[in-house]
Every structure is written in C-alpha cells, then in structure tokens.
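As the structure is a prediction and not an experimental result, all values here were calculated from the model.
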Amino acid sequence: MRLVLERFLHNAGALLAVTTILFFMFRLMPGTPLAAYINDNLNADQQRLMLEMFGLDKPMWMQYFIYLGNLVHGELGLSFFQRRPVLDILLEVLPNSLILTLTGLVVAYIFGVLAGAWLAWKRGSWVEGVAVPIVLASRAAPEFWIGMVLLALLSFNLGWFPSGGANSPGMFYTSEWQRLVSLDYLQHLALPVLTLALYLQGLPLLLMRSNMLEVMHEEFVVMARMKGFSQWRIVIRHAARNALLPVVTAFALGIGISMGGNVVVETVFSWPGIGRMLVTAVANLDYPLAQGAFLMIALVLITMNFVADLLYGVLDPRVRHGRAG
Amino acid sequence: MILEVRDLEVHYRGKAAPTRAVDGASFAVPAGQIVGLVGESGCGKTTAARAIMGVLPGNARCVGGEIRFKGRTLDNAAMHDLRWRQIAYVPQSAMSSLDPVYTVGAQLAEVLTKRGTLGRAAAQARAADLFELVGLGPRRLADYPHQFSGGMRQRAAIAMALALEPSLILADEPVTALDVIVQRQVLDTLRALQQRLNLSVVLVTHDISVVAYLCDAVVVMYAGQVVESGPARDVLAHPRHPYTMGLRNAFPDLTSRATDLVPIDGSPPDLADPPAGCRFAPRCPFALAACTTGTVAVGADAPGHVSACRRDGEADALRRAALEPATWQRSSISATS
Amino acid sequence: MAERAEASLLARVRPGRGARVAAVLRRLAAMPARDPFAFAGLTIYAAFVLVALFADLLASNPPLEIVFTKAGRLAANLPPSAEFPLGTTNLGRDIYAQLVFGTRSALAVGLSAAIVVASVGTIVGLVAGYFGGWFDTVLMRIADMALSLPFLPFVVVLTGFLGASTWNIVLAVALLLWPNSARVIRSQVLTVRERAYIEAARVTGARPWRILFIHVAPNILPLSFVYGAIAIGWAIITEAGISFLGFGDSTSVSWGYMLQDAFSSQALSRGQYHWFGPPGICIMLIVVAGFFISRGYEEVFIPKLRD
Ligand SMILES: Nc1ncnc2c1ncn2[C@@H]1O[C@H](COP(=O)(O)OP(=O)(O)OP(=O)(O)O)[C@@H](O)[C@H]1O
Ligand code: SF4
Ligand SMILES: [Mg+2]
C-alpha cells in the first residue's frame with residue numbers, strides 16, 4: 001500500500017511538471033499565440049479585447065493558475081482553427097489512437113514473447129545467428145518507413161488493404177460502436193497495426209529471449225527438472241512465468257511510449273488519431289489544440305508508467321511484500 | 001544396498017580439456033542409513049549427486065560408470081519414473097530453489113498432484129501434514145519463499161523432498177547456509193524423520209563435524225575420486241587416509257568448542273589437469289615418490305572400512321603423526337616429498 | 001605532498017596506466033574475431049564517414065538541381081540507369097546524389113546530438129553521483145521529468161513552434177536523451193567511488209575535483225561513449241521522422257527530407273521503390289551500427305559484462 005501511494009505521488013508529480021513545462025513552453029513561443037486570430041483588419045482596441053477574451057492580458061503567474069484550474073475541470077479551451085472545444089475534438093479521435101496502439105502492441109507482444117522464448121531455446125544454433133541481427137534491424141528501421149514500404153507493397157501493389165483513413169468515404173453508421181466493429185474499419189486498421197507490430201515486436205522478443213536464458217539457469221528451474229515435471233510445465237509454468245515479469249511491465253510502458261510514436265504512423269496512413277491531430281495542430285499554429293493533444297499523450301504515458309509500477313507489484317510477490325530481493 | 005555407484009565419471013566441457021569433476025568414484029548406500037559424502041569445496045560432491053538425479057547442467061556429460069538403485073540400472077527411462085517418487089533432492093540453497101512467484105504451498109501441491117496421484121483437496125491436506133512433519137505451521141503454506149527465514153526454507157525444502165514418500169533422499173549441504181543453532185535443529189529434524197520413515201539419505205557436506213553428528217557411514221571424496229569410506233565411527237575415530245586425517249584436524253566439532261584448528265595447506269588440484277598417481281600427493285605430508293605414479297582409488301566392491309592410500313599399511317603411525325600440527329606445516333610437506 | 005603520497009599509494013593498489021592501455025588495445029585488436037558485431041558496426045560507420053567526406057566526388061549532380069536527359073528533356077520519374085543509378089524524382093532531381101549528400105546531414109545531426117548527450121550526461125552523472133546531496137536529488141528529479149515527456153510529440157512541438165532547423169532537432173533530442181545516460185553513469189560512479197584506489201586517493205587528501213576527473217572519469221568514459229553511439233542513431237531517426245512530418249529544415253537534403261518528398265509525390269502508388277527504399281535502408285544501417293557498437297564496446301571496455 002505504501003508502495004502504491006509512493007508511486008502515485010511520484011507520477012502525479014511528473015504530470016504536474018509536464019503540464020508546467022508545457023504551459024511555459026507555449027507561452028514563451030515566439031509570436032503571439034493569437035496570431036491566427038489577430039490580423040490587420042482589427043484595430044488596437046479590438047486586439048486588446050481579444051487578448052482579454054482569452055485571458056492573455058493577465059500576468060503570467062495568474063495565467064498559470066487559471067490554466068491549472070481549467071485543466072482540473074477538463075477545460076482545454078477552444079481550437080483556434082476549428083472553433084470547437086479542444087476536449088471534444090480530442091475525445092473524438094482518442095478511440096482511434098487507443099485501438100491502433102493496443103492492437104499493435106498486443107500483436108507485437110504475443111509474437112515477441114513466443115518468438116523470444118523459442119529463440120532462447122535455440123541458443124547457439126544458426127537460427128539465432130540469423131534471427132538476432134534481423135530483429136535488431138527491425139528495431140533500427142524508422143517506424144514510418146516500415147509503414148511506407150508496407151503501404152507500397154500491400155496496398156498499392158497488391159491491393160490487399162485500403163491505403164489510408166479509418167473508414168471508406170460514403171459509409172454511414174448508426175453508432176460509434178458500430179463503426180468501430182465494422183469490417184471496413186478493421187480493414188483500414190490492419191496495415192497500420194501491422195506496421196506498429198513489426199516495429200514494436202523487437203523489444204519484447206529480445207527481452208523475453210535474454211530473460212529466458214537467464215531464468216533457465218536458475219536453481220528453481222533445475223529443481224523442477226529434478227522433480228520430473230514435463231518439459232512443457234517447466235518451460236511454461238516456471239521459466240516463462242518468471243521471464244515474463246519484465247515483459248509485462250514493458251507492455252504497459254509501451255502503451256504510453258508508442259502513443260507518442262503514433263505521430264508518424266498515423267500520418268503515413270492518414271489515421272484520424274491524436275498523433276496526427278497534434279501534427280496538424282502544430283502545422284496550423286493551433287496552440288490550444290496542440291497543447292491539448294500533447295497533454296493527452298503525456299497523460300496516457302504517465303498513467304501507463306504508474307500502471308507499470310503497480311503491475312510489477314501484482315505480478316512479483318517479492319515487490320508486493322515490500323522486499324526488493 | 002539401496003544405491004550403488006560404480007566408477008562414475010562426469011565431465012564439464014572446457015576450453016582446452018574437460019573438467020573431470022567426478023573421475024571414477026564408487027560408493028554404496030545401505031538401506032535405512034545416512035551416508036555422509038564429504039570433501040572440500042570443488043571435489044565433485046554436487047556433481048555426483050546431480051548425476052544420480054540425472055539432472056546435469058548443459059555443459060556436463062556423464063561419460064562413464066553405472067548407477068544402480070534397488071538393483072535397477074538408472075538410465076533416463078528409469079529416472080523418468082523414479083524421479084522425486086523414489087529419489088528426492090534437498091538443494092543447498094533453498095531460497096533460489098523455490099520458484100519466487102508461487103506460494104510454497106502451491107509448489108508442494110504441484111509436486112503432489114503432478115508427480116503424485118493426489119487430487120487438489122487431498123494435496124492441500126497432505127501439504128499441511130508435511131509442514132507439520134518438518135516443524136512448520138500449516139499457515140505458512142500461503143507464504144511466498146521470500147517471506148521465509150533461512151531455516152524455514154530449508155525445512156520447506158525437506159518437506160518438498162518428503163512429499164511423495166521417496167526411499168532415498170540426496171541432501172546437498174542442507175544446512176551449510178544456516179547458523180550453528182539452526183543447523184542443529186534442522187539436522188535433528190532430518191535424523192528424526194529418517195528414523196521414523198526408514199529413509200536412506202546421502203548427506204553431502206564439507207563439514208566433517210556434521211558427519212560425526214549424524215551419519216552412519218561416510219564416503220570421503222577428493223578431487224573427483226573416493227579416497228576413503230566405511231562406517232562413520234571407524235572412519236572418524238581411526239581415519240586411514242591422510243586427507244581424512246587432515247579434514248578432521250581442519251574442522252571444529254559440532255559438539256565441542258573450536259580448539260586449535262589445523263588447515264590443510266594448498267587447495268584441491270585443477271580437475272582439468274589432475275596430477276598423476278595419488279591426487280592428494282602435492283598436499284600430503286606423507287607423500288613418497290611412489291605415490292605419484294599409477295592410479296590410486298577405492299575399488300568398486302570394497303566392503304567395510306577402506307582407504308586408497310599407498311601407505312595404508314602404516315595408517316596407525318601416520319595417524320599419530322597427523323595429530324601433530326607441525327606435520328601439516330608447509331615446510332614439513334616439502335621436506336617429505 | 002598529499003599528491004606524492006597519493007601517487008605512491010595508487011601505484012600499489014591500481015594497475016599502471018600503461019598496462020591498462022595495453023590491455024584495452026589488445027582487446028580492441030582482438031575485436032573483429034571476438035566480436036564480429038562490433039567490428040561490423042565500426043565498418044558501417046567508417047563507410048558512411050567516407051561517403052560524407054567525398055560526397056562531391058561520388059555524386060556529380062547537386063542534390064537539389066533539376067536535371068535533364070541527353071535529349072534535353074526534363075528527367076522526371078526516371079527509373080534507375082547508368083546515368084542516374086537510383087533514377088530521378090518527379091521534379092527531375094538525382095536521387096542518388098540526394099542519398100550521397102544526405103549522408104552529410106545525417107552524420108552532422110547524429111554526431112552533434114551524440115556529443116551533447118554524452119557530455120551533458122557524463123558531467124551531470126559524475127557530479128550527481130560523486131557529490132550526492134541535494135544537488136543529486138534535484139538533478140535526478142529533472143531527469144525523471146524529462147523522461148516522462150513523450151519523445152516525438154515533444155520534438156514536434158518544439159521544432160514546429162521554434163522553427164524548422166536542424167539545430168532545434170538536435171536540441172530537442174539532447175534535452176530528452178541526456179537523462180538516460182546521466183542516470184546510468186551516476187550509478188556507475190556510485191560503484192566506482194567505493195573502489196580501493198579512489199578510497200586511497202581520498203584518504204591521502206587529494207582534492208575532490210581532482211579525484212573526480214583524474215580517477216573517476218576515466219572509468220566512466222566507455223559508458224559515455226556507448227550512450228553517445230546510441231544517441232547518434234536516435235538523433236538520425238528523429239530527424240528523419242520530423243522531416244517526414246514536414247517540420248524539417250527544407251534547405252538541406254536529408255534522408256528524412258527524401259522520404260517526405262517521395263511520400264508526398266505519390267512515389268508509393270507509383271511503386272518507385274528505388275526512391276523511398278534506399279534512404280530508409282541507410283538510416284537502418286547507421287542505427288544498427290550503433291546497436292552493434294554499443295554491444296561490442298561494452299564488452300571491450302567493461303569486461304565484467306562479458307559472461
Ligand atoms: N556448471 C559447471 N561448469 C563447469 N564446471 C563446473 C560446473 N559446476 C562445477 N564445476 C566444476 O566441477 C568441479 C566440481 O564441482 P562441484 O560443484 O561438484 O563441487 P562440490 O564438491 O559440490 O563443491 P562445493 O562444496 O563448493 O559445493 C569444480 O572444479 C567446479 O569448478
Ligand atoms: S601417502 Fe601417498 S598415497 Fe597416501 S595420501 Fe599421501 S600421497 Fe596419497
Ligand atoms: Mg556443492
């Protein structure tokens with residue numbers, strides 16, 4: 001319990017720090033944040049009125065506390081460009097991002113864990129000599145470039161998948177839920193998910209492999225052999241179960257981290273998610289929207305850091321009972 | 001004899017030459033007795049015990065010899081059946097030998113249901129009985145290994161070994177990691193259980209006082225070979241091999257206070273390149289030129305109290321000399337050899 | 001006085017500098033056979049450095065110049081040929097030339113980021129680890145904070161608003177990557193400072209800064225090197241991503257610029273693999289080289305990591 005509280009405070013502190021950094025980053029940007037609104041047609045009085053309307057005439061520290069207060073109420077302001085509440089815009093695209101990230105990660109981790117355990121089994125064979133460099137290379141390729149190659153090959157060349165977006169034009173759905181489970185949506189989802197999975201599988205694979213190699217030498221695995229358990233039981237119930245601990249943590253962290261990486265993948269596939277929203281907002285100098293999108297991504301990242309801390313405690317009794325060793 | 005080991009040879013793969021960790025060792029374990037397997041660190045005791053279980057590290061090979069259990073040759077097929085049901089093992093470090101992510105109770109139940117024939121409920125009850133047997137409260141079944149103290153873990157490891165009512169237990173330094181008082185308690189528990197259940201036990205240790213305290217017979221190993229064996233009382237009272245004499249001087253008695261201990265100078269030889277002849281010769285105060293040729297080891301079928309020493313005939317004289325601390329000083333060794 | 005005593009004490013508890021240098025050199029010389037990975041990594045680096053140095057000799061066309069065929073027509077969307085080994089872009093630019101000159105900007109971004117990350121990380125790690133106290137606490141809190149910022153979004157916002165320049169990308173990468181190296185180096189310092197010869201130097205009254213830079217720092221440099229190598233790859237990938245998103249420096253040709261150009265010019269639907277394939281492969285090679293080297297050097301310099 002103390003551990004939970006401690007980790008919570010730690011992560012809450014990080015969140016506060018990130019929002020603070022964000023506030024000052026946006027305030028200290030060159031040019032007025034109202035560049036999009038204020039043009040030469042407005043006279044000086046109108047400009048001042050505009051500043052007052054957005055609260056930009058107050059001193060910086062007051063603006064900071066107003067900003068924090070607004071955040072607590074989920075108030076992220078109006079998008080300069082779309083003239084709609086930022087929160088509404090973000091909540092519209094958030095499901096797309098979460099679905100993309102989660103599906104990609106799940107595919108990557110299932111593959112990575114199985115392949116990693118298998119490679120540990122093949123320690124010292126030619127398979128290992130070939131596979132490890134390939135996996136390293138897959139981690140070294142730019143995420144968006146993997147997407148581009150897959151897009152050219154599987155979509156434009158072979159025509160297996162649609163080339164972008166989340167739904168074909170002209171499709172109508174009675175509810176958001178129906179849209180998300182439609183075959184059309186899944187077809188659009190497939191290629192970005194494949195890209196994400198290809199890019200992400202390297203980490204769980206290498207992690208699982210090295211953990212397995214370590215665990216297989218542990219005394220309790222040797223004892224399991226002495227007890228005469230089946231190979232399967234030893235590998236799955238004892239070795240893999242222990243080797244999996246750090247991988248599960250990496251999974252939770254991965255949700256947060258790859259949400260950030262989505263910025264490029266969503267752009268390649270014109271996937272209407274929060275990453276692409278951020279890119280468009282920054283390109284349009286839409287400060288409130290950019291700030292909101294960034295905060296949302298940071299929030300997911302920090303929440304997942306917290307979840308990872310907790311998960312480790314749940315999965316590893318040694319941590320749960322407050323002993324590290 | 002419940003267990004017979006004959007000319008056992010186990011090698012570890014090495015860069016140049018293999019490490020001959022067990023090199024022609026022979027000994028036997030009578031039913032219902034505790035046999036101590038003693039020797040300094042690195043003599044191949046653990047390797048021999050693991051070879052009997054048929055569970056060796058990936059870089060080890062059993063390259064020769066025969067192991068018979070109740071008259072039946074132990075090969076992979078036989079062990080598949082006998083492992084833990086007939087022959088169980090108590091490891092040196094019980095902490096790392098228990099899986100950290102399951103409760104001790106779950107691990108006991110796992111053995112009872114997967115290797116034994118019990119159902120879930122019966123396994124629970126049996127696990128509680130076993131805990132009681134080794135002096136642990138059944139409540140502790142729900143604890144994880146890291147929540148146990150060292151002594152409790154060792155008791156849990158003994159309970160684990162007893163789970164399927166085996167007839168032979170191989171215990172590898174079961175008390176070495178514990179402090180002296182807890183050592184006594186765990187050894188007493190082991191002795192009581194051995195008598196109650198009529199178990200045969202091979203007790204691996206480097207501590208000759210543990211042998212004196214507990215064992216019926218003793219097998220002394222040096223550098224992968226058996227150098228002396230026989231009834232514990234005989235061997236300890238009248239050791240015939242200089243190595244055993246040295247060991248007796250080097251360890252404090254579990255029952256008495258530590259008085260002038262005389263260590264054996266030097267260390268066991270490199271098993272990748274052992275010396276010819278008697279392997280103890282480089283450290284033996286009584287070594288003669290003749291000791292360094294040919295092979296010297298206890299034969300497979302030697303009954304009673306036997307020693308592999310070339311000068312076995314002079315054992316009584318050597319024993320008297322060995323009581324003098326001066327005999328074991330470096331200078332005197334170089335003088336005699 | 002104190003330094004004399006220190007020197008004589010050190011001479012007894014620490015192997016001579018010459019012997020240590022010789023040992024490292026021996027391990028380096030044995031590397032190709034012992035660690036083919038690290039050797040391959042170094043070879044890749046060397047090849048790219050050569051290409052960057054001799055770019056003008058290797059490519060005859062300036063990367064942004066519009067070229068024409070012998071018949072005098074605009075050389076747009078040409079497939080690979082003897083004249084244009086990787087073909088031309090839709091606007092008639094020599095893709096091979098772009099690739100060759102892109103090596104320069106890649107190395108510039110990578111090396112400058114690596115230098116900043118390695119030096120900031122090393123100094124912070126050394127000082128925080130050796131002196132501890134409130135200074136350590138504050139620095140590590142700042143490191144924690146930097147690590148909870150989402151990487152790519154942060155770089156996007158920073159370069160998007162600060163302006164599209166290569167240096168802003170390097171700045172953003174450095175801001176987010178120094179904490180990783182600082183943390184690891186700090187914990188290494190914590191173990192090094194307990195070693196016998198450091199203890200000896202302290203006892204003989206050597207000044208703390210002197211101990212830090214003369215005795216502790218040399219033990220840390222290999223780690224700084226490893227983190228620098230990792231930063232090279234990260235910086236190049238990040239620059240490519242940012243350029244791809246359109247926030248890159250449009251005046252210099254980089255591999256990311258090429259990928260963005262190809263993407264927005266429908267090279268994908270036209271199946272021009274010779275256009276968008278090579279830049280990606282080059283990035284991959286250089287990042288992989290970093291992985292290989294960081295693995296290999298860890299083994300050469302920190303023998304305890306070998307199993
Ligand atoms: N996994 C291994 N790989 C290579 N050599 C090994 C391995 N395990 C043991 N050895 C070597 O085999 C020899 C015998 O080791 P073993 O562990 O059987 O000795 P021991 O008598 O049990 O010693 P201790 O009292 O220290 O447990 C030693 O020289 C040791 O270095
Ligand atoms: S007397 Fe000779 S044979 Fe006997 S132990 Fe000494 S060296 Fe070995
Ligand atoms: Mg042992």
Heavy-atom contact with chain A under 4.5 Å, split by part of C:I236: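 Contact with chain A involves no heavy atom of C:I236 at all.
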Nearest heavy atoms of [X] and [Y], plus distance in Å:
X	Y	result
A:V264	C:G241	CG1-O, 4.1 Å
A:T267	C:F263	O-CZ, 4.2 Å
C:I283	A:P142	CG2-CG, 3.6 Å
C:S148	A:N305	CB-ND2, 4.5 Å

Just wondering, do [Y] and [X] contact through their side chains at under 4.5 Å, heavy atoms?
X	Y	value
C:F292	A:L136	yes
A:L278	C:V157	yes
A:V263	C:F244	no
C:M284	A:R139	no

Do you know which of A:A140, A:A137, A:A293, A:A14 has the most heavy-atom pairs under 4.5 Å to chain C?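 Highest number of pairs under 4.5 Å: A:A140.
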When the ring planes of C:F154 and A:F294 are compared, do they come out parallel, tilted or perpendicular, using 30° and 60° as the limits?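 Rings of C:F154 and A:F294: tilted, as their planes differ by 30° to 60°.
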Apply the test side chain to side chain contact (heavy atoms under 4.5 Å, CB included) to residues C:L245 and A:F144: give CA-CA distance (whole Å), side-chain angles for both, the deciding distance (0.1 Å), then the verdict. CA-CA 10 Å; C:L245 294 176; A:F144 66 92; over 6 Å; no
Under 4.5 Å, counting heavy-atom pairs only, tell me which of C:G160, C:A240, C:P153 racks up the most with chain A.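 Top count of heavy-atom pairs under 4.5 Å with chain A: C:P153.
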Give the member of C:T238, C:L259, C:I237 that has the highest number of heavy-atom pairs under 4.5 Å with chain A.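 Highest number of pairs under 4.5 Å: C:L259.
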Given that the side chain runs from C-beta out, which part of [X] has a heavy atom under 4.5 Å from chain C: side chain, backbone, both or neither?
X	result
A:I257	neither
A:A290	side chain
A:L15	neither
A:A283	both

What distance do C:F151 atom CZ and A:L301 atom CG have between them, rounded to the nearest 0.5 Å?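 These two atoms lie 12.5 Å from each other.
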